[in-house]
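Below is one structure, written out as C-alpha cells; the observations come after it.
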There are 2 protein chains.
Amino acid sequence: MSDSSHGGESLLFLTDEQLRKGIEAMYFAYRGFTADPDRILDNYAYGRAHHRAVHFINRNPGTTVNNLLSILGVTKQSLNRVLRTLIADGLVESRVGKRDKRERHLFLTEAGTALEQELSNAQRDRMRDAYRKAGPQAVSGFRQVLEAMMDPDMRRHFNMIKDSN
Amino acid sequence: MSDSSHGGESLLFLTDEQLRKGIEAMYFAYRGFTADPDRILDNYAYGRAHHRAVHFINRNPGTTVNNLLSILGVTKQSLNRVLRTLIADGLVESRVGKRDKRERHLFLTEAGTALEQELSNAQRDRMRDAYRKAGPQAVSGFRQVLEAMMDPDMRRHFNMIKDSN
DNA sequence: TTGGAAAGTCAACAAGACTGACATAAAATC
DNA sequence: GATTTTATGTCAGTCTTGTTGACTTTCCAA
C-alpha cells in the first residue's frame, strides 16, 4: 500500500459512488447495445431470443442444440420454440449428426445469414462508433473489465468461440 | 494516416472480429452483471423490474413517477404494477407532491433501503472484483466505451443522476 | 371554466423465460 | 442383450415483464 502510485490508486478509485456509476453505465449501455437489433427484429416478428440463436449459430456453425443451450443458458423448451420458428421460416437448417445421430447440427441458411448480417451490421456500427469515440486504449480496458465480470462458465464459452481474438 | 502510430492503430483495431468479440463480451458480461441480484430477488418473489425501480428510487429519492418512467423507458402501466407491489409490501413510499399534487414522489422505506443494500452490495462486489482484476486504467476505458455506447437520452439520464461521479 | 397533463386503473395480450411430464431414438454401459 | 443415459423434441401450464387501448380522477394553467 505504501509502494508506488499504483497501489494507492487501486484502493482509492473503488469508491461506492464509482461502483454505482459503473453499474448504471452497464445498465444504460446495454440498452443502447440492444436498441438497434431490437428495432430490426420488430420488422420480422422476432425477438432477442431469435437474435441470440442466430448470432451463435453463425459464430459456431454446426453447433449442437446442447452446446447452444449451455451458451445461452436457457431451457431446451425455450430454445426449442425459437429454433422451431427459425427452421420453419427457413433461416436455420438442422442436420442429423453423422457420428452421433441423436445430435442435431445447426447451420444458418442463406436467408439466416442475411438476417444475421443485418442485425450484426447495426450492432457493430454502434460498437465501432463507441470504440472510435473512446479510443484504442479504452477498448482494451473495456474488454478487460467485461471479461472479469463474467461468470467462469460464460468466460469459458466466451474464450472458446472461434479462436478468440 | 501516415502520421504517428496512433492514427494507424485506430483503424487497424476495428476489425470485424474485434467488434464481434466486443458484442459477445457485452452479452456475457451483462449476464454476470445481473446474476447475483437475480438470485437474491428470487427469495423475495421480485424480478429485475423491481430491482431497477428500487435502485433508481434510492439514487434519486423523491423522484416522480414520470421521471422514473423516462429513466427506465417502460410504460406507466408496466412500472405501475411494479410500484404497486413495492408500495403494498412497504418497500416504497409514495407521497403526494406539495407544489403539484398530481405528482407522486417516491422514497424507499427502511425495508426498501435494506433490500436495495442487499442487492447493490452483491452487484458492487462483482463490479469491485472486476475492477480490481482489470486495474484503474482499464476501468477508465470501460466507462468511456459504455458511455459512448448509450443513446443520447440515456446518456443524459446517466449524467444527471446525483452529481455524476 | 375549460383544456390538457399527470397519475392511476382495468383489461387483454405477447414474448420469453420457467417447471414438469412424457416420447423417441441412439449411444453407452452393464 | 437388456438397461440406462443422453440428446432432442413436444405438450401444457405458469410467471415476469413488457405492450396497447380505454377510461377516470385530479388539478394546474391559460
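Residue numbers begin at 1 in each chain, while the letters A, B, ... track the order of the sequences.
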- [ ] Kindly write out the residues that satisfy side chain to side chain contact (heavy atoms under 4.5 Å, CB included) with A111(B), not counting sequence neighbours, or none if the list is empty.
- [x] L91(B), T109(B)

Collect all protein-nucleotide pairs involving nucleotides 19-21 of chain D in which both atoms are nitrogen or oxygen and the distance is under 3.5 Å.
| residue | atom | partner | partner atom | Å |
| --- | --- | --- | --- | --- |
| dT19(D) | OP2 | T75(B) | N | 2.6 |
| dT19(D) | OP2 | T75(B) | OG1 | 2.8 |
| dG21(D) | O6 | Q77(B) | NE2 | 3.0 |

Check: protein-nucleotides 27-30 of chain C nitrogen or oxygen pairs below 3.5 Å:
| residue | atom | partner | partner atom | Å |
| --- | --- | --- | --- | --- |
| dA27(C) | OP1 | R99(A) | O | 3.4 |
| dA27(C) | OP1 | K101(A) | N | 3.2 |

Open item on the list: Tell me every residue that passes side chain to side chain contact (heavy atoms under 4.5 Å, CB included) with K133(A), counting only those two or more places apart in sequence or in another chain.
Closed with: A148(B), R155(B)

Open item on the list: In this structure, how many angstroms lie between the P atom of dA17(C) and the CG atom of L72(A), rounded?
Closed with: 9 Å

Open item on the list: Taking the basic N atoms (NZ, or NE/NH1/NH2) and the acidic carboxylate oxygens, is any pair closer than 4.0 Å for R39(A) and D42(A)?
Closed with: no

- [ ] Take atom CD of E103(A) and atom C1' of dT6(D), then tell me their distance rounded to the nearest Å.
- [x] 9 Å

Task: Interatomic distance, L69(B) CG vs dT17(D) P [rounded to whole Å] - done: 16 Å

- [ ] Flag the pair K21(B) / R59(A) as yes when at least one side-chain heavy-atom distance between them is below 4.5 Å, and no otherwise.
- [x] yes

- [ ] Using atom CZ of R95(B) as one end and atom P of dA7(C) as the other, report the distance to the nearest whole Å.
- [x] 16 Å

- [ ] Report yes if a side-chain nitrogen or oxygen of N66(A) is closer than 4.0 Å to either non-bridging phosphate oxygen (OP1 or OP2) of dT6(D); otherwise report no.
- [x] no

Task: Transitive ILVMFWY side-chain link L14(A) to M149(A), under 4.5 Å - done: yes

Open item on the list: Students often mix this up, so state it plainly: with edges at 30° and 60°, are the rings of F28(A) and F158(B) parallel, tilted or perpendicular?
Closed with: perpendicular

Task: Nucleic acid contacts of residues 47-54 of chain A, taken as heavy-atom distances under 4.0 Å to DNA chain C - done: G47(A), R48(A), A49(A), H50(A), R52(A)

- [ ] For D38(B) and dT16(D), give me the distance from atom CG to atom P, rounded to whole Å.
- [x] 13 Å

Open item on the list: Which residues pass the ring-ring contact (aromatic ring centres under 6.0 Å, His included) test with H50(A), not counting sequence neighbours?
Closed with: Y46(A)

TODO: Return the value, rounded to whole Å, for the distance between atom CG of N80(A) and atom P of dA17(C).
DONE: 13 Å

Task: H157(A) and E24(B) side chains, donor-acceptor separation under 3.5 Å - done: no

TODO: Identify whether the distance between the nearest side-chain nitrogen and carboxylate oxygen of R126(A) and D151(B) falls below 4.0 Å.
DONE: yes

Open item on the list: Please identify which of these residues, N66(B), L68(B), V65(B), meets the side-chain contact (heavy atoms from CB on, under 4.5 Å) condition with R104(B).
Closed with: V65(B)

- [ ] Starting from P on dA17(C), measure out to CG on D42(B) and report it in whole angstrom.
- [x] 15 Å

TODO: Check the side chains of Q117(A) and T113(A) for a donor-acceptor pair under 3.5 angstrom, ignoring hydrogens and angles.
DONE: no

- [ ] Give the rounded distance in Å between these two atoms: CG of N67(A) and C1' of dT6(D).
- [x] 15 Å

